[in-house]
Amino acid sequence: MDHFIYRNGVLHAEDVALPDIAAAVGTPFYVYSEATFRRHFVLFDEALAGMDHMICFAMKANGNLAILKLMNNLGAGIDVVSGGEYAKARAAGVPGERIVFSGVGKTRAEISQTLQGGIRQFNVESEPELRRLSEIAMGLGLRAPVALRINPDVDARTHAKISTGKSENKFGIPISKARKVYAEAASLPGIEVIGVDLHIGSQLTDLAPFETAFEKIAALALALRDDGHNIRRLDLGGGLGIPYTHTNSAPPLPLEYGAVVRRTLGHLGCEIEIEPGRLIAGNAGLLVSSVIYMKEGEGRNFLIVDAAMNDLVRPAMYEAHHDIVPVLEPYPATPYAPIDIVGPVCETGDTFATQREMPPLGADELVAFRSAGAYGAVMSSEYNMRPLIPEVLVSQDQFAVIRPRPSFDEMINRDKVPEWL
Ligand SMILES: *Cc1c(COP(=O)(O)O)cnc(C)c1O
């Protein structure tokens, strides 16, 4: 559920009409609903109630400083995947003890930075990483708190580009090698083994792969305890999917996910950590764009909008579907017709939707792409010298620009011309 609804025929974010934001900041722009972010966090919190738990928002889904501040105020931890994300989380006020560092390739600089800055846990993905982490921690006179990311060899049944828990994926330590690598970890002086980590993929719409993976992890945790390791924390990663259309069957709810966690892992008495990104941010954001014009082609028509693949790359990259709706609600009897919705970038991949049923829309009319709050703004670029689009946060009847659109001069002046030219 989100807080983007039509009121008196106009799409609103909470109590703010989208045309008011468009008039203030221009199009295209991202708009987020604070209440929706909060609600999604609370759903997870309630789903894990009764178990010692920590929800670490995966900031790679949406890393705006204001969003991080909002998450921090809710008491969330943050899952980071780079030194840059760590620095930004700290800048938002998140204490090191609430930051988890994930990722398949951490550099020396990133390891030193985060060890010195303070960190809750490293999710370690390989033996070389374990040794390097130990070495750097020793050099600093510290011990690094570690969970090993285990690849449980489970098919997440999601898009190939976001499936991470099969043995052929680059992620984690194969579960068959886990006990051996834990033994090595325990022998390293700069490492303190605290738990087990996994993350099997993103946009999972079925609980069965989670259940299989969690059962494997439960058995592993018991075996590791038998081996003498003090396994006290289980990090289950993120990955719970969201509805991208309002028509298809809905993915499982956090409450149902929590029930699976309880059933498969509750008996271990471990602290449960999860790293949701998409479920918290995805349906908390829209991308709002204007129609440039409608172009009649041979056999098909094109709706050319002022947003493009550089602003929202998911359709081009993952063949992702986004519902696209007019900001002014069509009258009940309005005839819909199929049309291709495209951006202005010179690539055929710059297509948001093919033969989508839409009401008639003319120049300057506003459309909203739903479910754009996760992996939207963070994956955008300035391809075609198109400025990064603004991000706007709504809270009830107020809104604020939380990232402004850069001017052409700002963009141009970031480049430096060497003196010999
Ligand atoms: C991407 C990622 C997440 C978040 O995944 P969502 O599908 O957005 O919930 C969590 N943990 C790790 C390690 C990730 O790489």
Side-chain angles (χ1 to χ4, degrees), residues 37 40-41 43-44 47-48 54-64 67-68 71 76-82 84-86 89 98-106 110 114 119-126 129 146-152 154 156-166 169-173 195-207 209-210 213-214 217 233-244 251-254 257-258 261 272-285 314 317-318 320 371-379:
F37 267 97
H40 292 160
F41 176 86
L43 286 179
F44 273 119
L48 299 177
M54 172 102 158
I55 299 161
C56 295
F57 175 58
M59 69 173 280
K60 77 174 197 275
N62 188 319
N64 189 286
I67 300 301
L68 297 177
M71 285 292 135
I78 301 289
D79 176 57
V80 306
V81 292
S82 69
E85 284 197 347
Y86 178 87
R98 276 201 262 129
I99 301 180
V100 173
F101 192 1
S102 298
V104 73
K106 304 177 188 76
E110 288 173 325
T114 51
I119 189 97
R120 174 178 174 81
Q121 167 191 327
F122 288 92
N123 289 336
V124 170
E125 301 217 11
S126 65
E129 184 183 353
V146 162
L148 296 184
R149 175 164 176 185
I150 299 304
N151 184 327
V154 169
R157 286 182 245 153
T158 181
H159 190 280
K161 283 186 188 165
I162 49 176
S163 185
T164 56
K166 282 283 285 169
N169 299 134
K170 69 179 177 181
F171 298 98
I173 292 159
V196 184
D197 166 52
L198 82 161
H199 171 73
I200 58 173
S202 198
Q203 185 54 17
L204 274 73
T205 51
D206 179 2
L207 289 175
F210 284 120
F214 296 169
I217 291 302
R233 188 183 291 163
L234 302 175
D235 181 335
L236 308 178
L240 194 57
I242 61 168
Y244 275 97
L253 301 171
Y257 170 88
V261 173
I272 299 293
E273 201 166 78
I274 58 169
E275 303 167 347
R278 189 188 308 270
L279 198 137
I280 289 183
N283 279 323
R314 299 189 66 261
M317 191 152 159
Y318 312 114
S371 318
Y375 306 105
V378 280
M379 294 182 89

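Whatever order the structure lists ligands and atoms in, that order sets their numbers, starting from 1.
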**Asked** Which ligand 1 atoms does P276 reach within 4.0 Å, using its non-hydrogen atoms?
**Response** 9 (O)
**Message:** Looking only at protein heavy atoms, which one is nearest to atom 7 (O) of ligand 1, and what is the separation?
**Reply:** S202 OG, 2.3 Å
**Asked** Is ligand 1 under 4.0 Å from a heavy atom in the side chain of A58, in the backbone, in both, or in neither?
**Response** side chain
**Request:** Please check if the side chain of R98 supplies one atom and the backbone of A76 the other of a donor-acceptor pair under 3.5 Å.
**Result:** yes
**Request:** Please confirm whether the backbone N or O of P243 pairs with a side-chain atom of N283, one donor and one acceptor, at under 3.5 Å?
**Result:** yes
**Asked** Can you say whether the rings of F214 and Y257 are parallel (under 30°), tilted (30 to 60°) or perpendicular (over 60°)?
**Response** perpendicular
**Item:** Side chain Q203, main chain I242, donor-acceptor under 3.5 Å
**Value:** yes
**Asked** So, the side chain of N151 versus the backbone of F171: is there a donor-acceptor pair under 3.5 Å, distance only?
**Response** yes
**Message:** If the condition is side-chain contact (heavy atoms from CB on, under 4.5 Å), which residues does P152 pass it with, not counting sequence neighbours?
**Reply:** V154, L198, I200, A213, K216
**Prompt:** Any N or O on Y375 sitting closer than 3.5 Å to an N or O of ligand 1?
**Reply:** yes
**Asked** Going by heavy atoms, is F171 under 4.0 Å from ligand 1?
**Response** no
**Fill in**
Check: of M59, K60, E275, min heavy-atom distance to atom 14 (C) of ligand 1 comes from K60
**Prompt:** Of all the atoms in ligand 1, which lie at a distance below 4.0 Å from a heavy atom belonging to D79?
**Reply:** 10 (C), 11 (N), 12 (C)
**Asked** How would you list, by chain and number, every residue that makes a salt bridge (charged side-chain N to carboxylate O under 4.0 Å, His left out) with E273, sequence neighbours excluded?
**Response** R120, R233
**Prompt:** Does even one non-hydrogen atom of L279 get within less than 4.0 Å of ligand 1?
**Reply:** no
**Quiz item: cation-pi between K106 and F101, 6.0 Å / 45°** = yes
**Item:** Nitrogen or oxygen of S102 less than 3.5 angstrom from that of ligand 1
**Value:** no
**Request:** Mark the output for A374 as yes if a heavy-atom distance to ligand 1 is under 4.0 Å, and as no if none is.
**Result:** no
**Prompt:** Does a donor on one side chain sit under 3.5 Å from an acceptor on the other, for N123 and Q121?
**Reply:** yes
**Asked** When only distance counts, is G277 in polar contact with ligand 1, meaning an N/O pair under 3.5 Å?
**Response** yes
**Message:** Any heavy atom of G239 closer to ligand 1 than 4.0 angstrom?
**Reply:** yes
**Message:** Minimum distance, heavy atoms only, to atom 5 (O) of ligand 1: which one of R149, E125, R278, H199 is it?
**Reply:** H199
